[in-house]
Engineer: 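Sharing a structure with you now.
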Amino acid sequence: MIHRDYTAASGLSRRELIQKGAAMAALAAFSPIATETFGTTKREDTMTPKNSADGVAIRSFSHVNVPEADLNDLRKRINATKWPERETVTDATQGVQLATMQELARYWGTDYDWRKVEARLNALPQFVTEIDGLDIHFIHVRSKHENALPLIVTHGWPGSIIEQMKIIDPLTNPTAHGGNAADAFHLVIPSLPGYGYSGKPTAPGWNPVSIAKAWATLMQRLGYTKYVAQGGDWGNAISEVMALQQPPGLLGIHTNMAATVPPDVSKALAAGGPPPAGLSPDEKHAWDQLIDFYKNGLGYAIEMSNRPQTLYGIVDSPVGLAAWMLDHDIRSYLMIARSFDGKPEGLTPDDVLDNVTLYWLTNTAISSARLYWDTVHNLPAGGFFDARGVKIPVAVSAFAEEIYQAPKSWAEKAYPQLIHYNKLDKGGHFAAWEQPKLFTEEIRTSFKSLRPGLTKAA
């Protein structure tokens, strides 16, 4: 695999690795007033649209109120599912297993209650603002603590803002969750273009490079003059591209799915092995995880990178959509399968269905998939996990059940300003969602060193 020049495009693509079959494609508006504190323009909440720091309106997002007819239609479709015969093996090597999907459908079509998560969403301050011609939806929760550090958190696929809901109060209100006022963050949690309640692009061009620029515009528009960024999956890609673009005010980033793969390892992965000589035990473990994912876990990414519009079935069938989303990576799938088998760990059946139902009700199965196509077709070739040459401070939390657990040796080479590294013994791809307490502790620790440089007149 050829490593591309991110300093030129500040972008990422999965084209070459996809082509080789060996890569991951993978309540009110704010009115600025004069006083500033800790990189933040203080503002008042109102119920009417106001101009932002750059004069563009930030609009209140009306409450989510799904018509009952839509929920009834969803249940009807679930209960009318036409099922295939069961898989011919006793494990998940042929895909999402019939027993798991039938139990998911049984619960989804009878006992699941969307109104619970709808109420939790409506309790959060949500807004919409137009950036580059597209409406961007975001949650914005400001801490009561004066010197809170602004943090923008980005989800990935098949995720959404649902992933981050468990970390909002612990990060913005740390004194209620075992922390102190010095641990506080102001949180900005946007929905990616084509996802959730953000607008759906009507033309190509929305990819990690353009999204990273949009996120910098959003933070500037909110009046944040110093801030940090966080992400996993696409959220990591976007956060790392922000780090490459180095917008004014970005102090550092945190990732729970780091891009650290060295060039020789990337080349060997693209060729299908064998691994380079001399790998340490941690590096060999990462290699084993990656080669398995490249060989057995990329079906969804290849299809969405090449032909996302073809996926009409997951727009028409809720069970088809759920199966497609569950089949992201094997360790996440097995955890979810155990949850529907009565052994929840990390995610409950309600957690899983809250996210899938959001995709269904917003009809974003295909619009979200186009992010893969747009990245592959409009940015230079390169590997999704390849080290990108990020120069600003980076913190890495390497969760055990992630697609690959980035070794510290690779992280130190990939990020010259590595300010934090921790290898965690539990937690997977959806770390904030699965392990919110651990994730919160990681975020607090990761950015502690960047706080002393901030001043009240930032």
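Fair warning: this is a prediction, and the values are worked out from it, not measured in the lab. What's counted below: heavy atoms across the whole structure, side chains too, no hydrogens, waters or symmetry copies.
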Engineer: Counting distance only, does the side-chain N/O of Asp351 pair as donor-acceptor with the main-chain N or O of Thr348 below 3.5 Å?
Structural biologist: yes

Engineer: Going through the checks in order, is the side-chain hydrogen bond (donor to acceptor under 3.5 Å, both in side chains) test met by Glu442 and Asn422?
Structural biologist: CA-CA 8 Å; Glu442 285 295 292; Asn422 192 21; 2.8 Å; yes

Engineer: For the pair His186 (side chain) and Ser143 (backbone), establish whether a donor and an acceptor sit closer than 3.5 Å, ignoring hydrogens and angles.
Structural biologist: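 A pair under 3.5 Å: yes.
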
Engineer: Applying side-chain hydrogen bond (donor to acceptor under 3.5 Å, both in side chains) to Thr375 and Asn207, what does each step give before you reach the verdict?
Structural biologist: CA-CA 5 Å; Thr375 299; Asn207 52 56; 5.9 Å; no

Engineer: Tell me whether Thr81 contacts the main-chain N or O of Ile78 through its side chain, where contact means a donor paired with an acceptor under 3.5 Å.
Structural biologist: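 Between the backbone of Ile78 and the side chain of Thr81 there is a qualifying donor-acceptor contact (under 3.5 Å).
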
Engineer: If the plane angle is over 60° it's perpendicular, under 30° parallel, otherwise tilted; pick one for Phe185 and Phe447.
Structural biologist: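 Aromatic pair Phe185/Phe447 classed perpendicular.
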
Engineer: Under 3.5 Å, is there a donor-acceptor pair between the Tyr294 and Gln289 side chains?
Structural biologist: no

Engineer: Kindly state whether the ring of Tyr404 and the ring of Phe293 have centres lying under 6.0 angstrom apart.
Structural biologist: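 Here the rings of Phe293 and Tyr404 have centres that are no less than 6.0 Å from each other.
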
Engineer: Identify whether the distance between the nearest side-chain nitrogen and carboxylate oxygen of Arg338 and Glu345 falls below 4.0 Å.
Structural biologist: yes

Engineer: Measure centre to centre between the rings of Phe384 and Trp234, then say whether the value is under 6.0 Å.
Structural biologist: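 They qualify: ring centres under 6.0 Å apart.
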
Engineer: Tell me whether Lys213 is salt-bridged to Asp132, with the criterion being a basic N under 4.0 Å from an acidic carboxylate O.
Structural biologist: no

Engineer: Apply salt bridge (Lys or Arg N to Asp or Glu O under 4.0 Å) to Lys423 and list each qualifying residue two or more places apart in sequence or on a separate chain.
Structural biologist: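 Testing Lys423 for salt bridge (Lys or Arg N to Asp or Glu O under 4.0 Å), a comparison that skips the adjacent residues, returns Asp282.
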
Engineer: If we count only N and O atoms by modelled type, under 3.5 Å, do the side chains of His429 and Glu401 hold a donor and an acceptor together?
Structural biologist: no

Engineer: Looking at Glu303 and Arg307, does any basic side-chain N land under 4.0 Å from a carboxylate oxygen?
Structural biologist: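 Salt bridge absent between Glu303 and Arg307.
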
Engineer: NZ of Lys166: more than 12 outside heavy atoms within 6.0 angstrom?
Structural biologist: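 Count over threshold, so yes.
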
Engineer: Is a side-chain donor-acceptor pair under 3.5 Å present for Thr362 with Tyr195?
Structural biologist: no

Engineer: Just wondering, more than 12 heavy atoms not from Lys448 lying within 6.0 Å of its NZ?
Structural biologist: yes

Engineer: Less than 3.5 Å apart, any donor N or O on the side chain of His177 or Asp169 sitting next to an acceptor on the other?
Structural biologist: yes

Engineer: Could you tell me whether the side chains of Tyr415 and Glu240 share a donor-acceptor contact shorter than 3.5 Å?
Structural biologist: yes

Engineer: What about the rings of His328 and Tyr333, do their centers lie closer together than 6.0 Å?
Structural biologist: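 No: the rings miss the under 6.0 Å criterion.
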
Engineer: Got a donor-acceptor contact below 3.5 angstrom from the Ser397 side chain to the Asn256 backbone?
Structural biologist: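 Such a contact is absent between Ser397 side chain and Asn256 backbone.
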
